[in-house]
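Below is one structure, written out as structure tokens, with a few remarks after it.
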Amino acid sequence: MIYRKRGRVVRHENGVLLRIAEAGEAVERGVAFECRPLRESITLPEVDVPDLIETARQIRELPAIERVIISDGIAEHEYGDARWTDETRRVHVAIAAHGTRAVLDFATFDVAKVARVAEVLARGVREAAPPERIRVAPHVTAALLPSLIGMIEIDQAAEGVDGNGQPIEAVQVTNGMQWPNWYRPSYRIRPLPMPFHLRARPFGIIDDAAPEAIALVGTRRVLLEDGSVVAIRLDRVHAVGKPDGWYPYGAGSFGAELML
Amino acid sequence: MTADRFAIAARDELWAHGVLLESRLEHGTAVLSDDVIEATDAYDPDLAAACDEEMARLRAAVASVEDARIRAVARAASDGERSATLTITMRGVSIVTTPAAAARDTAMLRALVGREAEEELCETLPIVWRNGSAAVLLHEAFGHPAEHGIPLTPALSPRGGERVLEERVRGGPTWLRVEDISPRGTADLLAGHRPHALRRASFRDVPLHRMTALVARQVDAPFDAPERHVEVHLVAGGTYDPLTDVVTIDVSIANLGGARLAPFTITTTRDRIAFLGASGEPVRYPGVVCSREGQELVVGSFAPVMITGAM
């Protein structure tokens, strides 16, 4: 079967604004994957840019911003008889200061969380021993979830359709399992089986008084709200809070507070 | 208001052991006006035809190679670019080559990967960079900092006297020249000059000042290789982090004495790279596909045999 995608996206990339309109198709014939542009005009509505430009402006004014990529798009998909449309917003920010880099990804135009990390990093950081308990912020947990498969109970949440237009079913995710759904971030990329919408099952008690980890700054290293950079271990999760926001890691992860 | 139009057609094929696995065609136009780029997948028949010609050359060059994974990329763009690039991988080791050099480079790769690793590298030793591989080190240590506009950190060898003063200004030993050569001009990377060419991977990317062809030359360099040294023949990749000034080089094929080494990684800050000597004319290194801001571009790479201190 042939997969077709028609889309518009506006992307702000480090001060340059790109308005992109394109359409393409992909087909798998045996082991071979082929894709090409459709050579047709795009009839989708224009993407509204003022929100995007204002978000970019606010982030670029923050201290220690190294990279800002913000996009807003709309796409129509078809695969066989299935038709679906999606709208996506993405914010990718790298903040770098004092030899430390934090990378943040959001699916909303959320400046407040970026500002908090930028201000902490700009004030200065110090390596420190990890405190007894760490409360990991939801946007940090979302990035860690794929590494927590097999350590805590994680589900694929039932939501929307996959890259082949098939419903994404609720299923518990375990290491080594065959992922039931296919991820297709672009018509130019061969679809891959991947877990969608990872969501950790809540358990235990979140200690609101514990220091909060507000950004990942390396492999198993986090930035705490007081400017400490500490190592974390993922083999001792003491509690998981309620789902709090969806984040664009892989085919999606829900954030939640996490007690380490 | 000024407008700048860029159009491109590109074909990309992935073959494994004679079987076509992936085939991609893309074409499009980008019009830059001030800080806004309007990009569409418009079709230009002349560029598409030029691109198809390049792909035909690529396929012909590797038609008889059935013991490798091959990625063939053909590009034709309105700025005059016509490129045909082959990435050939055998036993996990890759080279990047052209149709004209494919037969020679493939034979070299086949010979290099035909030998199993015999030792792990357990100590830091001086390195002799053969086969043009020093170009990768220079690409990371001087090329990327120049692209980023980062002040030079002097790499000094030998140390002392007036030479040190000059090296502090230039960021390298006096016998070394490292330039980026492109149709837009030549940039002295050791002086920290930014590459002139604005390059992009596709019509939907932001053009950036990127290297086109790094060429290193030596003039009356010393060349006295320490008796015990590592000989590097191929590298798998490299990175430069502008935040930490750290250069990382993943070495895939290297020898110590007569023994083949297992792959290893060099991680160092730029100020700890000591260029001890060089010999001969620049040699084309088969392989730099450089990725920055998610945009993969081929960068020509040429360097003489070079010696660096232990890292």
Side-chain angles (χ1 to χ4, degrees), chain A residues 5-42 46 49 53 56 64 66-69 71 73 92 94-103 121 125 186-191 217-218, chain B residues 4 6-45 47-48 51-52 148 150 198 200-209 241-246 269 292-296:
Chain A
K5 181 177 183 180
R6 300 164 179 89
R8 285 188 190 277
V9 65
V10 177
R11 190 169 84 236
H12 181 284
E13 190 169 320
N14 300 315
V16 178
L17 191 74
L18 292 103
R19 296 173 184 267
I20 303 163
E22 58 177 331
E25 64 181 16
V27 61
E28 289 164 90
R29 301 181 207 280
V31 296
F33 169 85
E34 298 172 24
C35 66
R36 65 189 73 82
L38 281 171
R39 293 170 61 181
E40 63 180 44
S41 58
I42 303 298
E46 295 285 344
V49 297
I53 290 173
E66 183 183 47
R67 174 184 295 113
V68 186
I69 300 172
S71 64
H92 172 80
I95 309 165
H98 308 291
T100 300
R101 177 184 290 113
V103 178
L121 258 183
V125 298
S186 156
Y187 80 84
R188 295 181 297 279
I189 295 176
R190 187 194 282 266
V217 293
Chain B
D4 175 25
F6 170 83
I8 188 170
R11 279 195 181 277
D12 180 331
E13 292 184 352
L14 178 65
W15 295 75
H17 306 287
V19 177
L20 179 65
L21 294 182
E22 297 183 1
S23 169
R24 293 180 176 81
L25 167 66
E26 73 168 10
H27 45 70
T29 299
V31 178
L32 170 67
S33 181
D34 296 329
D35 280 338
V36 178
I37 296 174
E38 299 278 351
T40 64
D41 50 9
Y43 179 72
D44 181 320
L47 291 178
C51 180
D52 287 347
H148 287 278
I150 290 172
L198 281 163
R200 60 189 124 191
S202 83
F203 64 94
R204 62 182 85 76
D205 288 311
V206 175
L208 301 170
H209 285 279
D241 186 340
L243 178 65
T244 56
D245 214 35
V246 168
T269 50
R292 194 181 135 206
E293 298 292 343
Q295 298 190 49
E296 284 193 350

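Considering only heavy-atom pairs separated by less than 4.5 Å from chain B, the leading option among A/Val31, A/Ile42, A/Val10 is A/Val31. Options A/His12, A/Arg101, A/Glu34 differ in how many heavy-atom pairs under 4.5 Å they form with chain B, and the most are formed by A/Arg101. Contacts with chain B were tallied for A/Glu28, A/Arg36, A/Arg39; A/Arg39 has the most, counting heavy-atom pairs under 4.5 Å.
Between the CZ atom of B/Arg204 and the CD atom of A/Glu13 there is a distance of 12.5 Å, given to the nearest 0.5 Å. One finds the CD atom of B/Glu22 at 10.0 Å from the CD1 atom of A/Ile189 (value rounded to the nearest 0.5 Å). With rounding to the nearest 0.5 Å, the separation of CG in B/Leu32 from CG in A/Leu17 is 11.0 Å. Rounding to the nearest 0.5 Å gives a distance of 9.0 Å between CD of A/Glu22 and OG1 of B/Thr40.
Contact annotation for A/Arg67: only side-chain heavy atoms (C-beta onward) come within less than 4.5 Å of a heavy atom of chain B. When heavy atoms are compared at a cutoff of 4.5 Å, B/Thr244 approaches chain A solely by way of its side chain, counted from C-beta outward. A/Ala26 does not touch chain B: none of its heavy atoms, backbone or side chain, sits under 4.5 Å away.
Of all the heavy atoms in A/Ala23 and B/Asp41, the pair that sits closest is N-OD2, 2.7 Å. Contact detail for B/Glu293 and A/Ile69: the closest heavy-atom pair is OE1-CD1, 4.4 Å. The two residues A/Pro37 and B/Glu26 come nearest to each other via the heavy atoms CG-CA, 3.9 Å. Between B/Leu243 and A/Thr100, the closest heavy-atom pair is CD2-C, 3.4 Å. Listed here is the closest heavy atom pair of B/Leu20 and A/Ala32: O-CB, 3.6 Å. Closest heavy-atom contact between A/Arg190 and B/Leu21: NH2-O, 2.7 Å.
Within the 4.5 Å cutoff, the side chain of B/Asp205 has heavy atoms near those of the A/Arg11 side chain.
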Derivation of the salt bridge (charged side-chain N to carboxylate O under 4.0 Å, His left out) call for B/Asp12 and A/Arg188: CA-CA 11 Å; B/Asp12 180 331; A/Arg188 295 181 297 279; over 6 Å; no
